[in-house]
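What follows is a single structure, written as C-alpha coordinates, with notes after it.
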Amino acid sequence: LLDGRDLGAELEIIETFPIERAIDIAMQCCNALGEAHKKGVVHRDIKPENLFITKAHDGSDFVKILDFGVSKLLEAAGELRGSALTAVGTTMGTPDYMSVEQFNACSDIDARTDIYAMGVVLFRMLTGHTPFEAADYVTLVTKVANEPTPSLVALRPDIPLPLEQVVHRALAKSRDERFTSMEEFSEALFPFAKIEAPPDVERAAGLDNLSPEDRVKLAFPLQNEAESHQNQLVTESVQQRLNAITEWIHLRLSDRSDTK
(Lines give C-alpha, C1' and ligand atoms only; values in the text may rest on other atoms or scores of the structure.)
Protein backbone atom coordinates (compact mmCIF):
# COMPACT_ATOMS: atom_id res chain seq x y z
CA LEU A 1 0.00 0.00 0.00
CA LEU A 2 1.46 3.33 -1.08
CA ASP A 3 1.54 6.11 1.50
CA GLY A 4 0.97 9.51 -0.09
CA ARG A 5 -1.09 10.90 -2.98
CA ASP A 6 -0.81 11.20 -6.71
CA LEU A 7 0.36 14.44 -8.26
CA GLY A 8 -3.12 15.15 -9.61
CA ALA A 9 -4.54 15.15 -6.09
CA GLU A 10 -1.61 17.27 -4.89
CA LEU A 11 -2.32 19.81 -7.63
CA GLU A 12 -5.94 20.04 -6.44
CA ILE A 13 -4.59 21.21 -3.08
CA ILE A 14 -1.61 23.28 -4.28
CA GLU A 15 -2.52 24.74 -7.66
CA THR A 16 0.98 25.97 -8.49
CA PHE A 17 4.20 24.60 -7.06
CA PRO A 18 7.31 26.52 -6.07
CA ILE A 19 9.69 26.37 -9.02
CA GLU A 20 12.32 24.29 -7.23
CA ARG A 21 9.80 21.69 -6.06
CA ALA A 22 8.34 21.35 -9.56
CA ILE A 23 11.83 20.89 -11.00
CA ASP A 24 12.79 18.27 -8.41
CA ILE A 25 9.66 16.22 -9.17
CA ALA A 26 10.22 16.56 -12.91
CA MET A 27 13.87 15.50 -12.66
CA GLN A 28 12.98 12.41 -10.65
CA CYS A 29 10.43 11.46 -13.30
CA CYS A 30 12.94 12.10 -16.10
CA ASN A 31 15.47 9.83 -14.40
CA ALA A 32 13.01 6.97 -13.85
CA LEU A 33 11.54 7.23 -17.36
CA GLY A 34 15.02 7.44 -18.83
CA GLU A 35 15.80 4.05 -17.30
CA ALA A 36 12.59 2.60 -18.75
CA HIS A 37 13.44 4.03 -22.18
CA LYS A 38 16.86 2.35 -22.08
CA LYS A 39 14.99 -0.95 -21.71
CA GLY A 40 12.83 -0.16 -24.72
CA VAL A 41 9.71 0.80 -22.76
CA VAL A 42 7.75 3.97 -23.53
CA HIS A 43 5.06 4.82 -20.96
CA ARG A 44 2.69 6.72 -23.30
CA ASP A 45 0.33 7.89 -20.53
CA ILE A 46 2.39 10.22 -18.34
CA LYS A 47 0.02 12.49 -16.39
CA PRO A 48 -0.22 13.73 -12.79
CA GLU A 49 -2.51 10.87 -11.78
CA ASN A 50 0.22 8.38 -12.75
CA LEU A 51 2.90 10.12 -10.68
CA PHE A 52 2.64 9.15 -7.03
CA ILE A 53 4.28 11.35 -4.41
CA THR A 54 5.39 9.94 -1.11
CA LYS A 55 8.01 11.24 1.30
CA ALA A 56 11.64 10.24 1.66
CA HIS A 57 13.23 9.89 5.11
CA ASP A 58 14.41 13.50 4.96
CA GLY A 59 10.88 14.75 4.18
CA SER A 60 11.59 15.48 0.52
CA ASP A 61 9.31 14.39 -2.30
CA PHE A 62 9.87 10.85 -3.56
CA VAL A 63 8.12 10.09 -6.85
CA LYS A 64 6.94 6.71 -8.11
CA ILE A 65 5.69 6.26 -11.67
CA LEU A 66 2.51 4.17 -11.95
CA ASP A 67 0.57 2.38 -14.69
CA PHE A 68 2.65 1.25 -17.61
CA GLY A 69 -0.54 -0.29 -18.98
CA VAL A 70 -0.38 1.49 -22.34
CA SER A 71 3.39 1.29 -22.63
CA LYS A 72 4.95 0.10 -25.84
CA LEU A 73 7.85 -2.33 -26.07
CA LEU A 74 10.32 -1.35 -28.74
CA GLU A 75 12.78 -3.40 -30.69
CA ALA A 76 16.17 -1.87 -31.50
CA ALA A 77 14.86 -1.07 -34.97
CA GLY A 78 11.81 0.64 -33.53
CA GLU A 79 9.23 -1.96 -34.66
CA LEU A 80 6.43 -3.37 -32.54
CA ARG A 81 7.09 -6.63 -30.81
CA GLY A 82 4.37 -9.23 -30.84
CA SER A 83 3.75 -8.69 -27.13
CA ALA A 84 3.11 -4.96 -27.45
CA LEU A 85 -0.09 -3.87 -25.75
CA THR A 86 -1.12 -1.17 -28.21
CA ALA A 87 -1.90 -1.85 -31.84
CA VAL A 88 -0.60 0.26 -34.70
CA GLY A 89 -3.06 3.03 -35.56
CA THR A 90 -4.68 3.05 -32.11
CA THR A 91 -4.69 6.32 -30.16
CA MET A 92 -3.81 5.70 -26.51
CA GLY A 93 -3.11 8.12 -23.69
CA THR A 94 -4.76 11.06 -21.94
CA PRO A 95 -5.59 13.87 -24.41
CA ASP A 96 -4.33 16.83 -22.35
CA TYR A 97 -0.88 15.20 -22.15
CA MET A 98 -0.66 13.67 -25.62
CA SER A 99 1.82 14.70 -28.29
CA VAL A 100 0.93 15.44 -31.89
CA GLU A 101 2.23 12.04 -32.97
CA GLN A 102 0.01 10.31 -30.41
CA PHE A 103 -3.05 12.14 -31.70
CA ASN A 104 -2.05 10.99 -35.18
CA ALA A 105 -1.74 7.39 -33.92
CA CYS A 106 1.70 7.11 -35.51
CA SER A 107 3.14 3.61 -35.68
CA ASP A 108 6.61 4.73 -34.57
CA ILE A 109 5.86 6.36 -31.21
CA ASP A 110 9.10 6.66 -29.24
CA ALA A 111 10.51 8.07 -26.00
CA ARG A 112 10.01 11.65 -27.17
CA THR A 113 6.26 11.35 -26.61
CA ASP A 114 6.99 10.85 -22.88
CA ILE A 115 9.23 13.92 -23.02
CA TYR A 116 6.30 15.92 -24.38
CA ALA A 117 3.98 14.61 -21.66
CA MET A 118 6.52 15.49 -18.95
CA GLY A 119 6.69 18.97 -20.43
CA VAL A 120 2.92 19.26 -20.01
CA VAL A 121 3.11 17.98 -16.43
CA LEU A 122 5.83 20.51 -15.62
CA PHE A 123 3.86 23.30 -17.31
CA ARG A 124 0.87 22.43 -15.12
CA MET A 125 2.92 22.28 -11.92
CA LEU A 126 4.30 25.74 -12.67
CA THR A 127 1.11 27.46 -13.88
CA GLY A 128 -1.83 25.47 -12.53
CA HIS A 129 -3.12 24.32 -15.91
CA THR A 130 -2.07 22.53 -19.07
CA PRO A 131 -0.77 24.55 -22.03
CA PHE A 132 -3.75 23.74 -24.25
CA GLU A 133 -7.30 23.48 -22.94
CA ALA A 134 -10.55 22.91 -24.81
CA ALA A 135 -14.12 21.79 -24.19
CA ASP A 136 -13.95 18.98 -26.73
CA TYR A 137 -11.45 16.55 -28.22
CA VAL A 138 -11.38 17.97 -31.76
CA THR A 139 -10.68 21.52 -30.58
CA LEU A 140 -7.93 20.26 -28.27
CA VAL A 141 -6.25 18.36 -31.10
CA THR A 142 -6.41 21.46 -33.29
CA LYS A 143 -4.81 23.62 -30.59
CA VAL A 144 -2.02 21.15 -29.82
CA ALA A 145 -1.20 20.76 -33.50
CA ASN A 146 -1.40 24.41 -34.54
CA GLU A 147 -1.25 26.95 -31.72
CA PRO A 148 2.04 28.17 -30.22
CA THR A 149 2.81 27.08 -26.69
CA PRO A 150 1.75 29.81 -24.23
CA SER A 151 4.45 31.80 -22.47
CA LEU A 152 5.13 30.62 -18.93
CA VAL A 153 6.67 33.98 -18.09
CA ALA A 154 3.46 35.77 -19.11
CA LEU A 155 1.45 33.43 -16.90
CA ARG A 156 3.91 33.51 -14.01
CA PRO A 157 6.45 36.35 -14.04
CA ASP A 158 8.81 34.76 -11.48
CA ILE A 159 9.69 31.96 -13.91
CA PRO A 160 13.14 32.56 -15.47
CA LEU A 161 13.05 32.93 -19.24
CA PRO A 162 15.64 30.12 -19.68
CA LEU A 163 13.29 27.75 -17.82
CA GLU A 164 10.48 28.71 -20.18
CA GLN A 165 12.78 27.87 -23.08
CA VAL A 166 13.49 24.43 -21.60
CA VAL A 167 9.79 23.67 -21.15
CA HIS A 168 8.96 24.95 -24.63
CA ARG A 169 11.58 22.67 -26.14
CA ALA A 170 10.04 19.67 -24.39
CA LEU A 171 6.67 20.77 -25.80
CA ALA A 172 7.85 21.22 -29.38
CA LYS A 173 5.24 20.03 -31.88
CA SER A 174 7.89 18.26 -33.93
CA ARG A 175 9.51 15.52 -31.90
CA ASP A 176 12.78 16.17 -33.75
CA GLU A 177 12.90 19.56 -32.01
CA ARG A 178 12.42 18.14 -28.50
CA PHE A 179 15.13 16.81 -26.23
CA THR A 180 16.57 13.60 -27.58
CA SER A 181 16.41 11.81 -24.22
CA MET A 182 15.11 12.14 -20.68
CA GLU A 183 18.70 12.53 -19.55
CA GLU A 184 19.12 15.58 -21.77
CA PHE A 185 15.83 17.01 -20.47
CA SER A 186 16.93 16.46 -16.88
CA GLU A 187 20.29 18.13 -17.49
CA ALA A 188 18.52 21.18 -18.92
CA LEU A 189 16.37 21.41 -15.78
CA PHE A 190 19.28 20.99 -13.38
CA PRO A 191 20.27 24.69 -13.03
CA PHE A 192 16.79 25.43 -11.62
CA ALA A 193 16.79 22.62 -9.04
CA LYS A 194 17.30 23.02 -5.33
CA ILE A 195 19.20 19.85 -4.54
CA GLU A 196 22.09 20.54 -2.26
CA ALA A 197 25.28 18.64 -2.93
CA PRO A 198 27.73 17.94 -0.09
CA PRO A 199 29.95 20.95 0.70
CA ASP A 200 33.05 19.27 -0.71
CA VAL A 201 31.28 18.70 -4.04
CA GLU A 202 30.10 22.31 -4.09
CA ARG A 203 33.62 23.54 -3.39
CA ALA A 204 35.16 21.27 -6.00
CA ALA A 205 32.65 22.53 -8.54
CA GLY A 206 33.38 26.14 -7.60
CA LEU A 207 29.70 26.72 -6.91
CA ASP A 208 29.65 27.01 -3.15
CA ASN A 209 29.29 30.80 -3.19
CA LEU A 210 26.90 31.08 -6.13
CA SER A 211 23.24 31.95 -5.69
CA PRO A 212 20.64 29.92 -7.62
CA GLU A 213 20.11 32.95 -9.86
CA ASP A 214 23.84 33.09 -10.69
CA ARG A 215 23.88 29.37 -11.50
CA VAL A 216 21.04 29.88 -13.98
CA LYS A 217 22.82 32.84 -15.56
CA LEU A 218 25.99 30.82 -15.98
CA ALA A 219 24.20 27.82 -17.41
CA PHE A 220 22.03 29.91 -19.74
CA PRO A 221 23.97 33.00 -20.89
CA LEU A 222 21.94 35.99 -22.01
CA GLN A 223 21.96 36.48 -25.73
CA ASN A 224 22.63 40.19 -26.13
CA GLU A 225 25.96 40.96 -27.76
CA ALA A 226 27.82 42.49 -24.81
CA GLU A 227 26.86 39.83 -22.29
CA SER A 228 27.30 37.10 -24.89
CA HIS A 229 30.97 38.08 -25.30
CA GLN A 230 31.54 38.11 -21.55
CA ASN A 231 29.83 34.76 -21.07
CA GLN A 232 31.81 33.22 -23.92
CA LEU A 233 34.97 33.81 -21.90
CA VAL A 234 33.70 31.70 -19.00
CA THR A 235 31.84 28.99 -20.89
CA GLU A 236 34.53 26.30 -20.60
CA SER A 237 35.17 27.08 -16.95
CA VAL A 238 31.46 27.00 -16.16
CA GLN A 239 31.05 23.66 -17.91
CA GLN A 240 33.88 22.12 -15.89
CA ARG A 241 32.39 23.41 -12.66
CA LEU A 242 28.88 22.20 -13.49
CA ASN A 243 30.09 18.76 -14.56
CA ALA A 244 31.10 17.80 -11.01
CA ILE A 245 27.79 18.77 -9.41
CA THR A 246 25.78 17.38 -12.35
CA GLU A 247 27.47 14.01 -11.93
CA TRP A 248 26.59 14.06 -8.25
CA ILE A 249 22.92 14.87 -8.88
CA HIS A 250 22.63 12.06 -11.42
CA LEU A 251 24.00 9.63 -8.84
CA ARG A 252 21.51 10.90 -6.26
CA LEU A 253 18.55 10.56 -8.61
CA SER A 254 19.73 7.13 -9.69
CA ASP A 255 19.80 6.02 -6.06
CA ARG A 256 16.18 7.15 -5.75
CA SER A 257 15.03 5.35 -8.89
CA ASP A 258 16.75 2.11 -7.87
CA THR A 259 14.38 1.87 -4.91
CA LYS A 260 11.22 2.32 -6.96
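Checked by atom type and distance alone, the side chain of Glu184 pairs as donor or acceptor with a backbone atom of Thr180 at under 3.5 Å. Looking only at distances, no side-chain donor or acceptor of Asn104 sits under 3.5 Å from a matching main-chain atom of Cys106. For the pair Asp61 (side chain) and Asp24 (backbone), a donor-acceptor distance under 3.5 Å is absent. Looking only at distances, no side-chain donor or acceptor of Arg124 sits under 3.5 Å from a matching main-chain atom of Pro131.
Every residue was checked against the side chain to side chain donor-acceptor pair (under 3.5 Å) condition with Thr54, not counting sequence neighbours, and none meets it. In terms of the ring-ring contact (aromatic ring centres under 6.0 Å, His included) criterion, residue partners of Phe179 (sequence neighbours excluded) are, by chain and number, Phe185. Residues meeting the side chain to side chain donor-acceptor pair (under 3.5 Å) test with Glu177, sequence neighbours left out: none. For Ala145, there are no side-chain contact (heavy atoms from CB on, under 4.5 Å) partners at least two apart in sequence or on another chain. For His37, the side chain to side chain donor-acceptor pair (under 3.5 Å) partners two or more places apart in sequence, or in a different chain, are Asp114. With sequence neighbours excluded, the residues satisfying side-chain contact (heavy atoms from CB on, under 4.5 Å) with Lys38 are Glu35. For Arg112, the side chain to side chain donor-acceptor pair (under 3.5 Å) partners are Asp110, Asp176, not counting sequence neighbours. For Arg5, the salt bridge (charged side-chain N to carboxylate O under 4.0 Å, His left out) criterion is met by Glu10, not counting sequence neighbours.
With values rounded to the nearest 0.5 angstrom, Ile14 atom CD1 is found 11.5 Å from Glu12 atom CD. Between the CZ atom of Phe17 and the OG1 atom of Thr127 there is a distance of 11.5 Å, given to the nearest 0.5 Å. If you take CD1 on Ile25 and CD on Gln28, they are separated by 7.5 Å, rounding to the nearest 0.5 Å. Separating the CG atom in Leu189 from the CD1 atom in Ile19 is a distance of 12.0 Å, to the nearest 0.5 Å. The structure places CG of Leu51 at 6.0 Å from CD1 of Ile65, a figure rounded to the nearest 0.5 Å.
Follow the hydrophobic side-chain contacts under 4.5 Å out from Leu126 and you never reach Leu161; the two are in separate clusters.
Among residue pairs with one or both ends in residues 106-129, none qualify as ring-ring contact (aromatic ring centres under 6.0 Å, His included); sequence neighbours excluded. The side chain to side chain donor-acceptor pair (under 3.5 Å) pairs that include a residue from residues 149-162 are Ser151-Glu164, Arg156-Asp158, where partners are two or more places apart or lie in different chains. Counting only residues at least two apart or on different chains, no salt bridge (Lys or Arg N to Asp or Glu O under 4.0 Å) pair has a member in residues 125-152.
Look at Asp96 and Lys47 and you find no salt bridge, because none of the NZ, NE, NH1 or NH2 atoms lies under 4.0 Å from a carboxylate O.
Clustering of Ile, Leu, Val, Met, Phe, Trp and Tyr side chains at separations under 4.5 Å leaves Val138 isolated, with no partner residue.
For the pair Pro48/Val121, a side-chain contact is recorded, criterion being any heavy-atom separation below 4.5 Å from C-beta on. Residues Val167 and Ile159 fail the side-chain proximity criterion, which asks for heavy atoms closer than 4.5 Å. Counting heavy atoms from C-beta outward, Tyr97 and Ile46 have side chains that stay 4.5 Å or more apart. Asn31 places none of its side-chain heavy atoms less than 4.5 Å from the side chain of Met182. Leu171 has its side chain within reach of Val120: a pair of non-hydrogen atoms, C-beta onward, lies under 4.5 Å apart. Between Glu101 and Ile109 there is a side-chain heavy-atom pair separated by less than 4.5 Å.
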For Leu163 and Ile23: C-alpha separation, side-chain torsions, deciding distance, then whether side chain to side chain contact (heavy atoms under 4.5 Å, CB included) applies. CA-CA 10 Å; Leu163 176 55; Ile23 298 303; 3.8 Å; yes
Next item on the list: Show the numbers, then the answer: is there a side chain to side chain contact (heavy atoms under 4.5 Å, CB included) between Leu33 and Val41?
Entry: CA-CA 9 Å; Leu33 286 167; Val41 179; over 6 Å; no
Margin query: Test side chain to side chain contact (heavy atoms under 4.5 Å, CB included) on Glu49 and Thr94; report intermediate values, then the result.
Written below: CA-CA 10 Å; Glu49 289 72 18; Thr94 302; over 6 Å; no
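If you check the side chains of Ser181 and Glu183, you find no donor sitting under 3.5 Å from an acceptor.
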